[in-house]
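In this chain, numbering begins with 1 at the start of the sequence shown.
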Amino acid sequence: MVYISSWQEYQDAAEALYAKSPNKTRYVIKWKAAEKKLVLKITDNTSCIKFKTYSSVYLNRFETLNMSLMEKMQNKRAAPEVVETARTPEPSATASTTTPSSIPTAASGGVKKKKKPKRKG
C-alpha cells in the first residue's frame with residue numbers, strides 16, 4: 001500500500017487504475033471522526049493506492065473525484081449544460097381556473113383529519 005501525498009497525483013493514479021481494470025477495481029472511503037481523518041483507498045488486487053488527510057480543504061476535490069469515478073462506473077459521461085431559449089408558454093386546457101395559491105400543499109398543512117368522538121361506557 002502506498003500513501004500518495006499529492007492530491008493531483010492521487011487523482012490521476014486512481015483514474016488510471018480504474019481505467020486499467022474497471023471490473024476488478026474497488027474504491028473505499030473511510031472517515032474516522034475521532035481523529036478527523038479521511039482515508040481514500042483504491043485497489044485492483046494487484047496495486048493499492050491510498051490518500052489520507054486531516055484537512056477539510058480536500059472535500060471539494062474529493063467530491064469531484066467521487067463524481068468522476070461514479071460517472072465512469074455507471075458508464076456515463078458528464079451531461080453538457082443545455083441553454084434553454086426563451087419560449088412563449090402555450091395555453092393548455094387543464095390550466096383554467098385553479099391558481100397555485102388555492103391548491104393545498106404540504107407546506108400549508110393540507111387537509112386535516114377529523115377526530116373520532118369518544119365512546120362513553
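- Seen from the ring of Y18, K72 does not count as a face-on cation partner, given the 6.0 Å and 45° thresholds.
- Taking CE of M67 as the start and CD of E71 as the end, the distance is 5.5 Å to the nearest 0.5 Å.
- Taking the six-membered ring where the residue is Trp, W7 and Y58 present tilted rings, their angle falling between 30° and 60°.
- Side chain to side chain, D44 and S21 meet the donor-acceptor criterion of an N or O pair below 3.5 Å.
- There is no side-chain donor-acceptor pair under 3.5 Å between Y54 and K36.
- Closest non-hydrogen pair, A19 versus P22, comes out as O-CD, 3.8 Å.
- Residues meeting the side-chain hydrogen bond (donor to acceptor under 3.5 Å, both in side chains) test with N23, sequence neighbours left out: none.
- Contact detail for I42 and L69: the closest heavy-atom pair is CD1-CD1, 4.5 Å.
- Annotation: the span from F51 atom CZ to L38 atom CG amounts to 8.0 Å, rounded to 0.5 Å.
- Judged as a side-chain contact (heavy atoms from CB on, under 4.5 Å), and not counting sequence neighbours, the contacts of S56 are L59.
- If you run side chain to side chain contact (heavy atoms under 4.5 Å, CB included) between K52 and each of K32, K37, K41, only K37 comes through.
- Around the CD atom of E63, the shell of radius 6.0 Å holds no more than 12 heavy atoms that belong to other residues, nucleotides or ligands.
- Put simply, the side chain of Y10 does not reach to within 4.5 Å of the side chain of K50, judged on heavy atoms.
- Here the CD atom belonging to Q11 is positioned 12.5 Å from the CD1 atom belonging to I49, to the nearest 0.5 angstrom.
- One distance of note links CG of N45 with OG1 of T25; it measures 8.5 Å at 0.5 Å rounding.
- Interatomic distance, CE of M70 versus CG of L65, reported as 9.5 Å (0.5 Å rounding).
- Panel note: side chain S47, backbone T43; no donor-acceptor pair is recorded below 3.5 Å.
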